Novice: 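First, the structure itself, so that you have it in front of you.
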There are 2 protein chains.
Amino acid sequence: MRQFRHPAPSEIQLESVLYALSDPMRLSIVRQLAREGEATCAALDGGRPKSSMSHHFRILREAGIIKTRNSGTSHMNELRRQDLENVFPGLLSIVLKAPETEVAR
Amino acid sequence: MRQFRHPAPSEIQLESVLYALSDPMRLSIVRQLAREGEATCAALDGGRPKSSMSHHFRILREAGIIKTRNSGTSHMNELRRQDLENVFPGLLSIVLKAPETEVAR
DNA sequence: GCTATTGTTCGAAAATTATCGAACTATCAA
DNA sequence: TTGATAGTTCGATAATTTTCGAACAATAGC
């Protein structure tokens with residue numbers, strides 16, 4: 001498909017990161033990526049239409065939390081662990097450590 | 001006035017905390033409370049009408065981030081540092097450490 | 001070329017949140 | 001009791017987000 005906008009580390013804003021992580025579905029995506037390293041959008045299916053999922057990926061991407069690259073016809077996503085660690089040290093691991101709450105379906 | 005609802009530590013949800021902190025005005029309140037220990041609502045004036053500020057205090061209070069108590073005719077607010085530390089260790093200090101961005105007025 | 005697969009984008013509708021003025025409540029002080 | 005102060009609540013409007021279907025774009029394989 002085409003290239004995505006990924007903010008540079010210096011452009012990553014705390015507010016945007018916190019906001020992106022404050023949604024259960026997006027948090028669920030982040031946790032899954034943390035467990036599995038990387039995954040396509042389809043593999044991260046949240047039981048919702050593709051357009052809805054795409055919206056959430058975009059929020060995460062534009063906040064600087066995930067990196068998306070093309071891989072054939074699909075998109076491979078991974079956490080920007082190092083970038084986040086550099087900008088907000090410890091934040092991601094705290095969020096991942098917090099007990100997971102049910103995600104509504 | 002009257003008593004406020006403050007969630008017990010076990011009721012504090014990550015999503016709500018992150019959401020509450022994702023707003024510039026609320027983040028500014030939290031930072032100020034961190035610096036000054038405690039403050040009345042008036043002292044935390046964000047240059048907006050009282051009803052708007054009251055709304056933000058409520059979001060912070062119901063997320064479990066601040067504790068509000070009556071003090072004469074005013075309300076004294078303080079961070080629930082220890083409770084937050086117990087529930088999401090490290091989170092608050094990371095947020096406070098992050099460089100402050102302008103709050104629009 | 002055609003077809004299937006994977007996601008994005010668009011547009012509209014629904015839901016949530018923010019904003020503010022006005023009315024209200026509670027406390028203190030004179 | 002009157003007045004002043006501090007902040008909440010209500011109600012309405014505005015702004016932002018979310019949600020989803022439908023149309024679209026890009027790649028892969030036949």
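Convention: sequence-line order gives letters A, B, ...; per-chain numbering from 1. Atom set for the values below is all heavy atoms of this structure, side chains included, hydrogens, waters and symmetry mates excluded. This is a predicted model, so every value here is computed, not measured.
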Novice: More 5' along DNA chain D: A:His55 or A:Ser71, using each one's nearest nucleotide?
Specialist: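 Per heavy-atom nearest nucleotide, the more 5' residue is A:His55.
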Novice: Can you check whether B:His56 has a side-chain N or O nearer than 4.0 Å to OP1 or OP2 of C:dT17?
Specialist: no
Novice: Within less than 4.0 Å of OP1 or OP2 of C:dC20, is there a side-chain N or O belonging to B:Ser52?
Specialist: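 It does, given that an N or O in the side chain of B:Ser52 lies less than 4.0 Å from OP1 or OP2 of C:dC20.
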Novice: What is the distance, rounded to the nearest whole Å, between atom NZ of B:Lys50 and atom P of C:dT25?
Specialist: 15 Å
Novice: Looking at A:Arg48, does any N or O in its side chain come under 4.0 Å of the phosphate oxygens OP1/OP2 on D:dG21?
Specialist: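 No, A:Arg48 has no side-chain N/O under 4.0 Å of OP1/OP2 on D:dG21.
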Novice: I'd like to know if B:Ser51 reaches the base of C:dG21 with its side chain such that a donor and an acceptor end up less than 3.5 angstrom apart.
Specialist: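 Per atom types, the contact qualifies.
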Novice: Could you tell me how far apart B:Glu15 (CD) and D:dT18 (P) are, to the nearest whole angstrom?
Specialist: 13 Å
Novice: Could you give the CZ-to-P distance, from A:Arg69 to C:dT6, as a whole number of Å?
Specialist: 17 Å
Novice: Using whole Å, what does the distance between atom P of nucleotide D:dA6 and atom CZ of B:Phe4 come to?
Specialist: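 These atoms are roughly 15 Å apart.
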Novice: Send over the distance from B:Arg26 CZ to C:dA18 C1', rounded to a whole Å.
Specialist: 9 Å
Novice: For the atom pair CG (B:Leu79) and CG (B:Leu60), what is the distance rounded to the nearest 0.5 Å?
Specialist: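 CG of B:Leu60 is found 9.0 Å from CG of B:Leu79.
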Novice: Among pairs that include at least one residue of residues 62-79 of chain A, which meet salt bridge (Lys or Arg N to Asp or Glu O under 4.0 Å), considering only residues two or more places apart or in two chains?
Specialist: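 Listed once each, the pairs are A:Arg5-A:Glu62, A:Glu38-A:Arg69, A:Arg58-A:Glu62, A:Arg69-A:Glu78.
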Novice: According to salt bridge (Lys or Arg N to Asp or Glu O under 4.0 Å), does anything in residues 23-32 of chain B pair up with another residue at least two apart or in another chain? List the pairs.
Specialist: B:Arg31-B:Glu100
Novice: Roughly, in whole Å, what's the span from CZ in B:Phe57 to C1' in D:dT9?
Specialist: 16 Å
Novice: Could you state the OH-C1' distance from A:Tyr19 to D:dT16, rounded to the nearest angstrom?
Specialist: 7 Å
Novice: What is the distance from CD of A:Glu62 to P of D:dT18, rounded to the nearest Å?
Specialist: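 One finds 12 Å between P of D:dT18 and CD of A:Glu62, rounded.
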Novice: OP1 or OP2 of C:dT27 versus the side-chain N and O atoms of B:Thr73: is any pair under 4.0 Å?
Specialist: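 No.
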Novice: Among the candidates C:dG7, D:dG21, D:dG7, find the nucleotide nearest to the side-chain atoms of B:Cys41.
Specialist: D:dG7
